[in-house]
Amino acid sequence: MNIILLGPPGAGKGTQAKRLEESKKLIQLSTGDMLREAVANGTEYGKKAKDIMEAGGLVSDDIVLSIVSERLDQDDIKGGFILDGIPRNVAQAETLDTMLAEKNLPLDAVVELVVDDEALVERITGRYTCAKCGQGYHDKFEQPAREGVCDKCGSTEFKRRADDNAETVRSRLKVYHEQTEPLVGYYGSKGILKKVDGMADIDDVTSQIGEALA
Ligand code: ADP
Ligand code: ZN
């Protein structure tokens with residue numbers, strides 16, 4: 001099963017993608033993670049992306065689509081994947097459609113996580129991840145069972161994203177509403193859009209997604 005998780009920053013895409021990896025054995029392809037890795041490794045794409053990302057802007061369609069295209073050529077995604085962070089605008093969606101058709105990887109569903117803007121600011125400013133395995137946590141909504149120790153891998157190191165501050169969040173939300181939200185209509189008209197109430201508890205959202213994909 002190949003799906004897209006659609007929703008504003010902080011909607012819970014990463015959180016739900018991690019759960020789908022376990023329950024459905026899908027592979028999460030997060031463009032944010034792939035780009036941050038490129039920046040950390042100082043690759044050619046990474047150098048181009050760094051400043052734009054820190055200012056909360058969108059990295060050029062060409063860079064993101066090239067990174068995703070290369071990733072989709074690896075064999076491990078054959079059992080199904082979750083795209084998280086792409087497409088961000090209608091032009092990317094159109095290119096992605098062509099790319100997926102050429103690679104013979106049809107989309108089964110696009111799951112939209114619907115969340116109020118006010119809730120997003122709180123979610124984003126409180127989130128952090130395990131530095132070793134990438135498991136996501138939140139100061140208020142999802143703490144590890146043992147304080148300071150990752151539930152999944154036991155690491156005691158965590159990190160916060162440079163762009164997860166209140167000012168940047170507002171510009172990221174503006175960009176989302178202007179450029180990404182039109183994708184709801186785009187995939188709706190293709191008949192593959194599933195809407196999920198992302199304001200519900202994390203477990204509840206997981207079961208709604210399970211029903212939507214059943
Ligand atoms: P995205 O990948 O869409 O940007 P995340 O999955 O990183 O969003 O979620 C943002 C933060 O909000 C995380 O810290 C996560 O633990 C928390 N979170 C995710 N889903 C919910 C939810 N349904 N209720 C409360 N907090 C949530
Ligand atoms: Zn971990």
Side-chain angles (χ1 to χ4, degrees), residues 3-23 26-37 53-54 56-59 64 68 81-88 110-166 168-177 179-181 183-184 194-212:
I3 66 172
I4 290 176
L5 284 180
L6 184 63
K13 301 183 296 294
T15 305
Q16 298 299 331
K18 285 270 180 294
R19 292 175 170 217
L20 286 165
E21 283 198 305
E22 281 170 24
S23 64
L26 304 177
I27 299 225
Q28 177 193 11
L29 303 179
S30 155
T31 50
D33 288 350
M34 289 190 250
L35 284 164
R36 281 186 290 276
E37 200 181 307
M53 286 172 73
E54 280 171 5
L58 288 183
V59 177
V64 183
V68 169
F81 58 81
I82 307 154
L83 285 171
D84 160 12
I86 193 170
R88 295 295 256 266
V110 176
V111 177
E112 185 201 1
L113 295 173
V114 185
V115 182
D116 295 349
D117 280 11
E118 301 90 278
L120 295 170
V121 177
E122 187 181 25
R123 285 190 191 180
I124 292 176
T125 51
R127 77 175 163 187
Y128 59 97
T129 53
C130 170
K132 200 172 156 206
C133 76
Q135 175 64 35
Y137 295 100
H138 192 282
D139 294 328
K140 196 164 150 195
F141 304 117
E142 208 190 5
Q143 289 276 31
R146 264 182 66 204
E147 202 189 322
V149 183
C150 176
D151 293 339
K152 255 189 155 177
C153 76
S155 166
T156 53
E157 276 181 56
F158 299 88
K159 58 184 183 186
R160 286 176 195 262
R161 284 170 47 174
D163 61 349
D164 278 352
N165 55 71
T168 310
V169 169
R170 272 176 242 288
S171 68
R172 284 157 71 201
L173 288 178
K174 187 161 174 279
V175 171
Y176 179 83
H177 291 305
Q179 300 190 30
T180 313
E181 213 158 33
L183 294 174
V184 172
K194 316 273 183 190
K195 272 187 194 286
V196 161
D197 174 18
M199 293 293 288
D201 285 352
I202 296 179
D203 289 344
D204 195 25
V205 175
T206 305
S207 28
Q208 286 183 59
I209 294 175
E211 281 163 30

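Whatever order the structure lists ligands and atoms in, that order sets their numbers, starting from 1.
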Taking all non-hydrogen atoms of both residues, which atom of [X] and which atom of [Y] are closest, and how far apart?
{"X": "K132", "Y": "C153", "result": "CB-SG, 4.0 Å"}
{"X": "R88", "Y": "T180", "result": "O-OG1, 2.7 Å"}
{"X": "P144", "Y": "Y128", "result": "CD-OH, 3.4 Å"}
{"X": "F141", "Y": "E122", "result": "CZ-OE1, 3.8 Å"}

**Study point:** Partner set under side chain to side chain donor-acceptor pair (under 3.5 Å) for K159, not counting sequence neighbours
**Key:**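 With sequence neighbours excluded, K159 shows a side chain to side chain donor-acceptor pair (under 3.5 Å) to no residue whatsoever.
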
**Study point:** Residues which pass side chain to side chain donor-acceptor pair (under 3.5 Å) with R170, listed by chain and number, not counting sequence neighbours
**Key:**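 Side chain to side chain donor-acceptor pair (under 3.5 Å) check on R170 returns nothing, list empty.
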
Under 3.5 Å: N or O atoms of ligand 1 paired with protein N or O:
unit_1   : atom_1 : unit_2 : atom_2 : d
ligand 1 : 2 (O)  : G14    : N      : 2.8
ligand 1 : 3 (O)  : A11    : N      : 3.3
ligand 1 : 3 (O)  : G12    : N      : 3.0
ligand 1 : 3 (O)  : K13    : N      : 2.8
ligand 1 : 3 (O)  : K13    : NZ     : 2.8
ligand 1 : 4 (O)  : G10    : N      : 2.7
ligand 1 : 4 (O)  : R127   : NH1    : 2.8
ligand 1 : 6 (O)  : G14    : N      : 3.3
ligand 1 : 6 (O)  : T15    : N      : 2.8
ligand 1 : 6 (O)  : T15    : OG1    : 2.6
ligand 1 : 7 (O)  : R127   : NH1    : 2.7
ligand 1 : 8 (O)  : G12    : N      : 3.1
ligand 1 : 8 (O)  : R127   : NH1    : 3.3
ligand 1 : 14 (O) : Y137   : O      : 3.1
ligand 1 : 16 (O) : E142   : OE1    : 3.3
ligand 1 : 23 (N) : A200   : O      : 2.8
ligand 1 : 24 (N) : R123   : NH2    : 3.4

Review point. What is the number of protein N, O or S atoms that sit under 2.8 Å away from the Zn ion (ligand 2)?
Key: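 Total protein N/O/S atoms under 2.8 Å from the Zn ion (ligand 2): 4.
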
Review point. Given M34, which of V64, L29, I86 fulfils the side chain to side chain contact (heavy atoms under 4.5 Å, CB included) condition?
Key: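 Passing option: L29.
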
Study note, to complete from the structure: With Q16 as partner, the option from V196, I82, V111, I202 fulfilling side chain to side chain contact (heavy atoms under 4.5 Å, CB included) is I202

**Study point:** Check ion pair D163-R36 (N to O, under 4.0 angstrom)
**Key:** no

